[in-house]
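Pasting a structure below so you can have a look.
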Amino acid sequence: MISSLHDANQYHFGSDNYAGVHPEVLEAIVTVNGGHVLAYGDDPYTLHLQEVVRGWFGEQAEVFPVFNGTGANVVSLQAMLPRWGTAMCTTAAHINTDEQAAPERVGGIKLLPIEAPGGKLLPELLIEGDSDDVHRASPQVVSVSNSTELGTVYSVDEFARLAEAVHEAGMFLHLDGSRLSNAAAAQGVTPAELAQGADVISLGGTKNGALGAEAVIVVNPDAVAGTAYLRKITTQLASKQRFVSAQLLALFEGDLWRRNAEHANGQARELGRRLAELPGVEVPLEVEANAVFPVLPEGVADRVRAHDTVRFYDWPPMPGAVRLMASWDTPDAAIDDLVEAIRAELG
């Protein structure tokens, strides 16, 4: 029997990946654990997940459970891009900044980063490809995140306009939805409604209460080739896939995705409001999902982190800012503690 090696009453703001697994997700894992079922996705839970996904995204949709968000993105872009193609993204995009060289080294994918104010790649920023120019990679895919790496959220209309522009340019649209639940909850819609127009979606679960459970959702079969094979080649095919699928069912068959996301978003808004009231602290971006990007006076962040009771990070895409992430389980007391710690160092 393993002993606990951490303080279960300690909460941080460094990442929503710090949070544990939601009890309903743990219960789902226990429920599917008994006996033997077929492996590699031929189990009844993965088949049922396929039904749920088609109920959301249409009868043509197909779901491929994977282990993590980087894997979901790499598998998606591999399936969407020809060897001569490139994917456009923002300079702050997760695939460009926080996935090491996985898109390039594992997926063989060339990225075309574009400066995008507020983290949103809007239609006017798209670059048209020249398929006749053999000297440059041809833009074939646009990849965006919602919510973005700056915590901003594409509205339903904004995303629909982007999808229309991408398709008019003869390209396909990939949505990195590691925090799509947070974005959808912020807009008061479902993930499927907010992702309308996307051809392929990397659907996140881990940041919203799951244990290593994400999915590639192919909404438009014409946008991909060989997804099932690429998932295996990219080492993202789970042998005991029922445990990944069960977690996604726990989140998305009912409303757990929304409950978790609404809590995280609400705690982030409260944290942002209270920090903005502190002297010398600025919160330049509106808190739209579960991320807060305050600008603290010089040295304050380092002094707060020196106590080692609260962890958070500087955020290079916003010079001078730190990133604070609220999670599905962030309690009021954790907000109180962080605000007071910052207040004390401001003194």
Side-chain angles (χ1 to χ4, degrees), residues 4-22 68-70 92-100 102 119 145 147-152 176 178-183 204-214 260-261 263-276 278 281-285 287-346:
S4 178
L5 301 176
H6 76 291
D7 181 356
N9 296 312
Q10 182 69 62
Y11 295 86
H12 296 286
F13 292 88
S15 173
D16 35 11
N17 287 317
Y18 283 18
V21 183
H22 192 278
N68 53 55
T70 297
H94 202 268
I95 57 174
N96 188 51
T97 60
D98 290 295
E99 295 185 354
Q100 232 272 2
S145 305
S147 60
T148 74
E149 288 73 19
L150 296 181
T152 52
D176 181 347
S178 65
R179 296 185 178 95
L180 182 57
S181 293
N182 298 94
T206 308
K207 291 179 172 63
N208 199 31
L211 173 64
E214 317 276 314
N260 285 353
H263 177 82
N265 291 357
Q267 295 297 74
R269 287 193 300 270
E270 176 64 12
L271 177 59
R273 182 190 67 78
R274 293 182 59 181
L275 289 176
L278 297 179
V281 176
E282 297 180 24
V283 183
L285 290 178
V287 179
E288 297 185 53
N290 65 321
V292 187
F293 295 90
V295 178
L296 307 178
E298 186 175 355
V300 168
D302 288 337
R303 292 198 298 274
V304 171
R305 287 183 292 220
H307 298 295
D308 203 33
T309 56
V310 177
R311 293 183 180 272
F312 56 86
Y313 304 103
D314 298 332
W315 202 242
M318 285 185 63
V322 298
R323 187 188 76 160
L324 305 173
M325 298 299 304
S327 305
W328 68 265
D329 63 347
T330 299
D332 294 342
I335 296 175
D336 295 339
D337 291 344
L338 178 60
V339 172
E340 291 309 311
I342 293 174
R343 188 195 307 275
E345 295 302 335
L346 290 171

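Count residues from 1 along the sequence.
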Inset, instruction - Indicate yes or no for a side-chain donor-acceptor contact from R305 to the backbone of F312 under 3.5 Å, with no hydrogens or angles considered. - result: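 Checking the backbone N and O of F312 against the side chain of R305, a donor-acceptor pair under 3.5 Å is found.
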Inset, instruction - Flag the pair V322 / Y313 as yes when at least one side-chain heavy-atom distance between them is below 4.5 Å, and no otherwise. - result: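 A side-chain contact under 4.5 Å is absent here.
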Legend entry - Exercise: do H94 and E149 side chains pair donor with acceptor under 3.5 Å: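 Side chains of H94 and E149: no pair found under 3.5 Å.
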Legend entry - Euclidean distance, Q10 CD relative to T309 OG1, rounded to 0.5 Å: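 With rounding to 0.5 Å, OG1 (T309) is 6.0 Å from CD (Q10).
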Legend entry - Which atom of A102 lies closest to which atom of T70, heavy atoms considered: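 Closest pair (atom of A102, atom of T70, distance): CB-CG2, 3.6 Å.
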Inset, instruction - For atom CD of E270, decide whether the heavy atoms of other residues, nucleotides or ligands shown that lie under 6.0 angstrom number more than 12. - result: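 It does: E270 CD has more than 12 such atoms within range.
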Legend entry - Smallest separation among heavy atoms of A268 and A291, with atom names: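 Taking every non-hydrogen atom into account, CB-N, 4.1 Å.
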Legend entry - Side chains of P317 and L150 in contact at under 4.5 Å (non-hydrogen atoms):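 The answer is yes; the side chains approach within 4.5 Å.
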Inset, instruction - Working to the nearest 0.5 Å, report the span between CD of E298 and CG of D302. - result: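 Between atom CD of E298 and atom CG of D302 there are 9.0 Å.
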Inset, instruction - Go through the side-chain N and O atoms of E214 and S178 and say whether any donor and acceptor fall under 3.5 Å apart. - result: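 Judged by distance alone, the side chains do not pair up.
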Legend entry - Residues F293, V287; criterion side chain to side chain contact (heavy atoms under 4.5 Å, CB included); working and verdict: CA-CA 8 Å; F293 295 90; V287 179; over 6 Å; no
Legend entry - Atom pair CG/NE2 of N208 and H263 - distance to nearest 0.5 Å: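 Those atoms lie 11.0 Å apart.
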Inset, instruction - Go through the side-chain N and O atoms of E288 and N182 and say whether any donor and acceptor fall under 3.5 Å apart. - result: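 No, no side-chain donor-acceptor contact under 3.5 Å.
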Legend entry - Derivation and outcome, side chain to side chain contact (heavy atoms under 4.5 Å, CB included), residues V300 and I342: CA-CA 7 Å; V300 168; I342 293 174; 4.3 Å; yes
Inset, instruction - Drop me the distance from M325's CE to K207's NZ, to the nearest 0.5 angstrom. - result: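 Reported to 0.5 Å precision, the distance equals 8.0 Å.
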Inset, instruction - Determine whether Y11 and L338 make a side-chain contact, defined as any pair of heavy atoms from C-beta on separated by less than 4.5 Å. - result: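 Sidechains of L338 and Y11: no contact.
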Legend entry - Separation of E345 CD from R303 CZ (nearest 0.5 Å):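 Here the rounded value is 5.5 Å.
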Inset, instruction - Report yes if the side chains of W328 and N290 come closer than 4.5 Å at any heavy-atom pair, otherwise no. - result: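 When only atoms from C-beta onward are counted, N290 and W328 do not touch, as no gap falls below 4.5 Å.
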Inset, instruction - In sequence, state the C-alpha distance, the side-chain angles, and the governing distance for R323 and S15, and then conclude on side chain to side chain contact (heavy atoms under 4.5 Å, CB included). - result: CA-CA 9 Å; R323 187 188 76 160; S15 173; 4.0 Å; yes
Inset, instruction - Return the minimal non-hydrogen interatomic distance between L275 and V292, and the atom names on each side. - result: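 Minimum heavy-atom separation between L275 and V292: CD1-CG1, 4.5 Å.
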Inset, instruction - Rounded to the nearest 0.5 Å, what's the gap from CD1 on I335 to CZ on R273? Could you check? - result: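 Result: 9.5 Å between the selected atoms.
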Inset, instruction - Answer whether the closest heavy-atom distance between the side chains of R269 and N265 falls below 4.5 Å. - result: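 Yes, side chains in contact.
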Inset, instruction - Using a 4.5 Å cut-off on heavy atoms from C-beta on, say whether the side chain of F13 contacts that of T330. - result: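 Yes, at least one pair of side-chain atoms sits under 4.5 Å.
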Inset, instruction - Please report the shortest heavy-atom distance between A19 and D329, naming the atom on each side. - result: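 Taking A19 first and D329 second, the nearest heavy atoms are CB-OD1, 3.5 Å.
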Legend entry - pair S327-Y18: side-chain heavy atoms closer than 4.5 Å: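 They are not in side-chain contact.
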Legend entry - Closest non-hydrogen atom pair, S147 against A183: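 In this case the closest contact between S147 and A183 is N-CB, 3.6 Å.
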Legend entry - Contact check, side chains of P297 and L346, non-hydrogen atoms, under 4.5 Å: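 When only atoms from C-beta onward are counted, L346 and P297 do touch, with a gap below 4.5 Å.
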Legend entry - Pair R343 + D336, salt bridge at N-O below 4.0 Å: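 D336 and R343: not salt-bridged.
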Legend entry - P294 versus V283, closest heavy-atom pair with distance: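 Looking at all heavy atoms of both residues, the shortest contact is CB-CG2, 4.3 Å.
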